[in-house]
Novice: 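Have a look at the structure that comes next, please.
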Amino acid sequence: MKKTLIIILSFLALIHTSCSDNSIDENQTEQKNVIEINDENEEESDFNYSNITIENISETVEKYMGNSNKLSAVNDDYIVGMIELDLDLIDEYTLKMQTMGTQTDQYGIFLAKDEKAAAEIGSALDVYLKLLYENSADFNYLPEEIPKLEAAETHIKGSYVFYIIASENEVTSAVGSFDEMFKNK
């Protein structure tokens, strides 16, 4: 009986050792993947986006918005009061929206002071978009406008933050163009 118990315990110890070695290899592999991802992000954050401006992003976005001629630029009061953004986070911005009628179409492009500020702006815009959706009845938006609000989202590339509320096709095209501007940078 003692011999059998020793053999079983030895076998269990051998299995435990084998399992431990595999988990170390998996952890090392996971750690290597995290390092590789971080290295890629470091390269991205070192890139200088000086050839990309708010103006050329805005021109590109408006090419895809069917009613861009009905959009009006908003001022700092809207940015501070409605979106609740601290202007000290922003170097430059443009925000254009439908100000007459019951449509939701709008977009905003922000150049943040730095990437940390870009993340704060992105968070504030997420809250703003949620507010518009949750209070759509108060804003008298037409029922067919609600899917636009549901699909609205923010996009961050370096220090640039972009959001758009428009039809699905307009959003897909505008976001694709925004992403393309930063591709291979």
Novice: Determine whether Y93 and I121 make a side-chain contact, defined as any pair of heavy atoms from C-beta on separated by less than 4.5 Å.
Specialist: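 Counting from C-beta outward, Y93 and I121 never come under 4.5 Å.
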Novice: Measuring from atom OG1 of T99 to atom CG of L71, what distance do you get when rounded to the nearest 0.5 angstrom?
Specialist: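 These two atoms lie 8.5 Å from each other.
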Novice: Which salt bridge (Lys or Arg N to Asp or Glu O under 4.0 Å) pairs, counting each pair once, include a residue from residues 73-94, with sequence neighbours left out?
Specialist: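 Those involving residues 73-94 are D91-K113.
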Novice: Heavy atoms, side chains only, cut-off 4.5 Å: are V74 and M82 in contact?
Specialist: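 In short, these two side chains do not touch, never coming nearer than 4.5 Å.
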Novice: In the structure I gave you, are the side-chain heavy atoms of Y163 and L95 within less than 4.5 Å of one another anywhere?
Specialist: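 Y163 reaches L95 side chain to side chain.
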Novice: Side chains of F110 and S159: does their closest heavy-atom pair fall under 4.5 Å?
Specialist: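 A side-chain contact under 4.5 Å is absent here.
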Novice: So which pairs with a foot in residues 117-132 pass side-chain hydrogen bond (donor to acceptor under 3.5 Å, both in side chains), sequence neighbours left out?
Specialist: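 The answer is Y78-Y128, Q106-Y128, D126-T154.
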Novice: Can you list the residues that meet the side-chain contact (heavy atoms from CB on, under 4.5 Å) rule with F178, with sequence neighbours excluded?
Specialist: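 Only I57, H155, K157, Y160, F162, F182 meet the side-chain contact (heavy atoms from CB on, under 4.5 Å) criterion with F178.
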Novice: Does any non-hydrogen side-chain atom of I164 lie less than 4.5 Å from one of V175?
Specialist: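 The answer is yes; the side chains approach within 4.5 Å.
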Novice: Test of understanding: with side-chain contact (heavy atoms from CB on, under 4.5 Å), list the residues that count as partners of L149, not counting sequence neighbours.
Specialist: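 By the side-chain contact (heavy atoms from CB on, under 4.5 Å) rule, L149 matches T104, L132, Y133, S136, Y141, I146, I165.
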Novice: So, for A118 and I156, which heavy atoms are closest and what is the spacing to 0.1 Å?
Specialist: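 Taking every non-hydrogen atom into account, O-CD1, 3.7 Å.
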Novice: For E144, does the CD atom sit with more than 12 other heavy atoms under 6.0 Å from it, leaving out its own atoms?
Specialist: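 It does: E144 CD has more than 12 such atoms within range.
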Novice: Testing the basics here: between P147 and P143, what is the closest heavy-atom pair and its distance to 0.1 Å?
Specialist: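 Looks like CD-O, 3.7 Å.
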Novice: Please report the interatomic distance CG(N169) to CE(M65), rounded to the nearest 0.5 Å.
Specialist: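 Atom-to-atom, N169:CG and M65:CE are 12.5 Å apart.
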Novice: Short question: side chain of N56, backbone of I52 - any donor-acceptor pair under 3.5 Å?
Specialist: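 Side chain of N56 to backbone of I52: no pair is present.
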Novice: When rounded to the nearest 0.5 angstrom, what distance separates CD in E134 from CZ in F139?
Specialist: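 Rounded to the nearest 0.5 Å, the CD-CZ separation comes to 11.0 Å.
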Novice: Suppose we screen for salt bridge (Lys or Arg N to Asp or Glu O under 4.0 Å). Which residues come up paired with E59, at least two apart in sequence or across chains?
Specialist: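 Expected list: none.
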Novice: Can you tell me which residue pairs pass the salt bridge (Lys or Arg N to Asp or Glu O under 4.0 Å) test with a partner in residues 159-175, sequence neighbours excluded?
Specialist: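 Output for this query is empty, none listed.
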Novice: Do V80 and L85 make a side-chain contact, defined as non-hydrogen atoms from C-beta onward lying under 4.5 Å apart?
Specialist: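 Sidechains of L85 and V80: no contact.
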Novice: From the options S173, S177, S167, select the one residue that forms a side-chain hydrogen bond (donor to acceptor under 3.5 Å, both in side chains) with Y64.
Specialist: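 Passing option: S177.
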Novice: What about M97 and L87, same hydrophobic cluster or not, with Ile/Leu/Val/Met/Phe/Trp/Tyr joined at side-chain heavy-atom distances under 4.5 Å?
Specialist: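 Linked, M97 and L87 end up in one cluster.
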Novice: Does the Q98 side chain pair with the main chain of M100, one donor and one acceptor, at a distance under 3.5 Å?
Specialist: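 Yes, because the side chain of Q98 sits within donor-acceptor range (under 3.5 Å) of the backbone of M100.
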Novice: Of I90, T53, V161, I54, which meets side-chain contact (heavy atoms from CB on, under 4.5 Å) against L111?
Specialist: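 It is I54, the one option of I90, T53, V161, I54 that forms the side-chain contact (heavy atoms from CB on, under 4.5 Å) with L111.
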Novice: Going hydrophobic residue to hydrophobic residue with side-chain gaps under 4.5 angstrom, can you get from L89 over to I109?
Specialist: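 In one cluster with L89: I109, no.
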Novice: Under a 3.5 Å distance rule, please check whether N135 uses its side chain to pair with a backbone N or O of D138 as donor and acceptor.
Specialist: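 Judged by distance alone, no pair lies under 3.5 Å.
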Novice: Under 3.5 Å, is there a donor-acceptor pair between the Y107 and T94 side chains?
Specialist: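 On atom types as modelled, these side chains do not qualify, holding no pair under 3.5 Å.
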